[in-house]
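Below is one structure, written out as structure tokens, with a few remarks after it.
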Amino acid sequence: MNLLKRYNPQEAEKKWSEYWEKEKLFSFKPGSKMYTIDTPPPTISGTIHIGHAFSYTQTEFIARYKRMKGFSVFYPFGFDDNGLPTEKFVENKRKIKAKEIGREKFIKLCLEETKKAEEEYKKIWKSLGISCDWSLLYSTISEKARTMSQLSFIELYEKGREYRKQAPTIWCPECHTAISQVELEDKEFNSTFNDVLFETEDREKIVISTTRPELIPACVAIMVHPEDKKNKHLIGKKVKVPLMDYSVEVIADSRADPEKGSGIVMTCTFGDQADMEWWKAYNLDLRIIIDKEGKLNEKAGKFKGLSILEARKKILEELKEKNLLKEQRPIKHNVNVHERCGTPIEFLVTKQWFIKYLDLKEDFLKAGEELNWFPSFMKHRFDNWIKGLQWDWCISRQRFYGIPFPVWYCKKCGEIILAQKKDLPVDPLKDSPKKKCKCGSSDFVAEKDVLDTWATSSLTPLINANWKGSSNFDKKIFPMNLRPQAHDIITFWAFNTVVKSLLHTKKVPWKDIMISGWGLDSKGKKMSKSKGNIVTPQEIIEKYSADALRYWASSINLGNDAPFQEKDVQTGQRLITKLWNASKFSLMNLEGFDGKKPKELEVMDKWILHKFNEVTEKMNSHYDVYEYGKAKTALESFFWNDFTDNYLEAIKDRIYNEEKRGKNSKASAQYTLEKILLGTLKGFAPIMPFISEEIFQLYFTKKEKKKSIHISSFPEFDKKLVNKNSFDSGEKAVEIISKVRKFKAEKQLSMKAEIELTLEKETQQKIGKALDDLKAVCNAKITTGEFKIKTI
RNA sequence: GGGCUCGUAGUUCAGUGGUUAGAACGCCACGUUUACAACGUGGAGGUCGACGGUUCGAUCCCGUUCGGGCCCACCA
């Protein structure tokens with residue numbers, strides 16, 4: 001036993017990590033008692049920070065706890081390695097543009113780079129001690145995921161849930177690509193509100209205020225509120241669009257706010273979401289004047305070729321010249337921009353694939369009811385999102401690196417041709433349909449779009465359950481016990497997974513959903529490369545240890561965000577040192593102990609067993625509702641305050657002075673020490689797996705007949721250990737000890753200094769046989785009388 | 001504007017309808033004690049964001065309000 005050595009976390013963590021892998025400790029074996037986890041696949045975007053370590057270790061605490069509770073834990077790992085974030089990562093890393101080097105070459109590079117990045121991610125996750133089964137690794141671009149994602153597409157098409165339609169898309173003119181709503185953010189701009197004069201067919205001048213005069217050539221209607229006294233006489237009239245030679249109709253719609261500007265709105269295709277709703281609702285003309293490069297096209301007449309900002313300037317000049325610009329007021333307003341480049345987005349109309357689901361809102365809300373939410377209030381976000389849904393799910397993206405649609409179109413008749421299920425996965429650009437079209441033609445056009453990555457990542461429970469279409473999959477794995485994830489993607493990942501699961505299996509995908517917060521920088525701000533405030537897990541692991549980092553992550557209540565403070569990691573490191581030292585003391589004094597329970601246990605021993613039993617009960621009930629932080633706090637406080645500060649001090653006399661105190665009293669201490677140390681290590685094992693394994697392996701492997709603490713059994717509450725009398729005696733003794741310590745500290749005495757301690761008869765009776773331990777700890781002579789402490 | 005959430009010691013956070021509101025870090029004093037100076041013992045430090053209400057009693061429950069955060073909507 002090498003107990004004199006100081007604990008070296010770097011060495012030990014590497015050693016145990018390799019050991020666990022070699023022993024295949026965490027490999028999943030299906031059994032009768034299973035616990036299945038739908039692990040979030042991190043997006044491959046090149047940046048890993050401490051926030052990732054924060055949320056992934058929280059799942060990990062649960063996985064390790066459940067394993068020790070005897071569950072066969074299904075804990076796969078995955079990567080979300082396609083889609084725009086990955087494309088951007090590869091473009092930046094290789095300093096290329098996807099459009100410039102072409103589809104095929106770009107995909108090749110993406111596959112290369114994601115493979116490299118994944119190895120890096122894997123290394124970090126392993127160094128964190130994440131106990132997933134790496135043989136279950138999945139990736140959303142893998143053949144299996146491509147097959148299932150395409151299968152999902154085909155099945156939903158067959159169910160009549162999918163349609164393809166010309167529709168407005170969010171478009172970034174800077175990046176020349178369609179983007180999704182998730183990729184938008186708000187940015188405040190200084191702008192001007194321009195009062196422009198329009199003229200009705202009967203020569204009435206009306207004022208319309210706009211921040212986007214360049215969209216005047218895209219005007220397709222004018223809206224006023226039906227109850228607007230000032231303006232309702234305009235309804236149904238034709239209005240000439242300034243600078244243009246066409247007219248539009250005035251329509252009544254309650255979404256026009258009479259109090260805003262002049263109360264009259266110009267509807268363009270498209271300036272914002274409201275325009276789209278109006279366009280849809282009134283079947284308006286389509287006048288798209290902005291092209292994919294962000295320039296005005298021929299529909300803008302003489303403004304063709306100008307960029308958006310040039311056109312704005314030019315049109316305002318002309319309006320001024322013609323006296324059609326009544327007033328300009330500076331305003332500040334928020335505009336949706338693309339998060340990657342900060343460019344205000346535009347809406348273009350393109351053909352897209354959709355999943356129809358607005359009719360299923362009630363079912364989705366019901367599904368939310370069926371799930372157990374931890375913490376419960378997170379469910380509100382899910383409900384709130386569903387209630388606010390207004391659009392079907394657009395699942396097509398005009399990108400290169402993603403899962404292709406298994407779809408061709410007949411050149412002759414336009415028929416949609418789907419791939420055969422048995423041929424999946426297919427790449428329509430390389431493969432061809434096996435049969436001729438109904439019309440007899442075999443001339444096809446491949447669908448070039450790729451699927452939204454959420455359309456695939458929403459299948460993770462099905463991918464992991466080896467779903468094969470219809471309801472054919474491993475019912476032991478699906479539905480899963482737990483979906484762990486952070487709160488920012490409740491509306492995306494959690495919601496989309498519920499959608500797909502209901503559509504394919506009519507079941508909710510999990511029993512429980514555990515929502516974690518974010519790990520933030522020390523000021524409580526999100527970590528990002530551009531802000532330069534990233535702290536990586538690697539640097540913290542190197543400087544301290546993975547256990548200490550995990551300690552920090554365990555100290556936050558479920559669902560809360562956590563600013564990263566190095567001092568919290570230091571506290572974890574201190575706990576590790578304390579555990580090592582306390583174990584060193586214990587193991588040194590367990591040498592020669594025969595492991596047998598002595599006939600009678602001493603009072604202080606029964607006291608600590610009782611206390612640990614209480615802690616055990618708490619830990620179990622906290623873990624069962626995913627409150628790992630509370631479990632850790634309970635154990636930590638027991639370990640530090642009761643076990644090391646009081647118990648270890650109390651038994652020293654019995655251990656060191658066997659001849660004076662008797663053989664039984666030493667054996668009693670040893671028996672208890674062994675029990676409590678083992679229990680404490682097990683309790684800490686899910687949070688700090690390395691230090692607990694290190695100490696376990698020094699002494700307990702043979703005793704427990706387990707090759708690792710992580711497959712030993714978690715402490716359980718034991719009725720037999722409840723002992724109210726000994727508990728009361730012990731508490732009283734500890735109370736007196738702390739009074740004595742205070743006395744000595746105030747008198748500036750050494751803790752070893754001898755004193756005379758006067759205790760009332762009643763107190764002495766209450767403390768009972770623990771009085772001998774107390775005497776030794778306090779180095780006191782006991783006399784009887786009114787409570788008093790005196791130096792000698 | 002809507003939903004949720006947070007506001008407690010210098011800092012980061014626990015916590016409960018009921019004596020005197022806790023921990024860690026930091027600070028101060030003392031102590032070398034055979035697990036631990038990578039430490040121990042003790043101490044100082046709070047109007048529980050503000051205002052009302054319910055209650056015998058509110059940091060906790062209810063209402064209003066102020067301030068921070070997240071999500072959504074708006075952004076003519």
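Hydrogens, waters and symmetry mates play no part in the numbers below; they use all other heavy atoms, side chains included. Chain letters run A, B, ... following the sequence lines, proteins first and then strands; every chain starts at 1.
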Distance between the [atom1] atoms of [N] and [M], in whole angstroms?
N	M	atom1	value
U59(B)	U8(B)	P	15 Å
A9(B)	G22(B)	P	14 Å
G52(B)	A58(B)	C1'	13 Å
G15(B)	C48(B)	C1'	11 Å
U12(B)	U20(B)	C1'	25 Å
U11(B)	C27(B)	P	15 Å
U47(B)	G40(B)	P	30 Å
C74(B)	U5(B)	P	24 Å

For [X] and [N], give me the distance from atom [atom1] to atom [atom2], rounded to whole Å.
X	N	atom1	atom2	value
Leu648(A)	C39(B)	CG	C1'	14 Å
Asp488(A)	C70(B)	CG	P	11 Å
Lys630(A)	C13(B)	NZ	C1'	13 Å
Met378(A)	C4(B)	CE	P	13 Å
His487(A)	U5(B)	NE2	C1'	9 Å
Asp645(A)	C39(B)	CG	P	13 Å
Asn560(A)	C6(B)	CG	P	7 Å
Asn384(A)	C72(B)	CG	C1'	6 Å

Inter-residue atom distance [X].[atom1] - [Y].[atom2], 0.5 Å rounding:
X	Y	atom1	atom2	result
Gln573(A)	Asp568(A)	CD	CG	13.0 Å
Asp253(A)	Thr267(A)	CG	OG1	8.0 Å
Leu319(A)	Leu325(A)	CG	CG	6.0 Å
Ile556(A)	Leu558(A)	CD1	CG	11.0 Å
Ile331(A)	Ser191(A)	CD1	OG	5.0 Å

Looking at Arg654(A) and Glu658(A), is any side-chain nitrogen of the basic one under 4.0 Å from a carboxylate oxygen of the acidic one?
no
Quick one: label [X] by what it contacts on the DNA or RNA (base, sugar-phosphate, nothing), any heavy atom closer than 4.0 Å.
X	value
Lys742(A)	sugar-phosphate
Ser262(A)	nothing
Glu746(A)	nothing
Trp552(A)	nothing

What is the minimum heavy-atom distance between Thr644(A) and Lys578(A), and which atoms define it?
OG1-CE, 3.5 Å
Please state whether the phosphate of [N], meaning OP1 or OP2, lies under 4.0 angstrom from any side-chain nitrogen or oxygen of [X].
X	N	answer
Trp385(A)	C70(B)	no
Lys578(A)	G40(B)	yes
Asn557(A)	G15(B)	yes

Report, as a single string ordered 5' to 3', how protein heavy atoms within less than 4.0 Å touch nucleotides 24-33 of chain B: B base, S sugar-phosphate only, - not at all.
SS---SSS-B
Are [Y] and [X] an aromatic pair, judged by ring center distance below 6.0 Å?
X	Y	answer
Phe684(A)	Phe696(A)	no
Phe61(A)	Tyr626(A)	no
Phe347(A)	Trp171(A)	no

Dot-bracket notation for RNA chain B is requested: 5' to 3', Watson-Crick or G-U wobble pairs only, both distances under 3.5 Å, with ( ), [ ], | and . as defined.
(((((((..((((....[...)))).(((((.......))))).....(((((..]....))))))))))))....
When you match Ser555(A) and Val335(A) each to their closest nucleotide on RNA chain B, which lands nearer the 5' end?
Ser555(A)
Pro563(A) or Arg741(A): which one's nearest nucleotide on RNA chain B is closer to the 5' end?
Pro563(A)
On the 0 to 90° scale, with breaks at 30° and 60°, tag the Trp552(A)-Phe54(A) ring pair as parallel, tilted or perpendicular.
tilted
Nucleotide nearest Arg381(A) when distance is taken to its side chain, options G42(B), C70(B), C36(B):
C70(B)
Looking at G15(B), C13(B), C74(B), which one has an atom nearest to any side-chain atom of Glu277(A)?
C74(B)
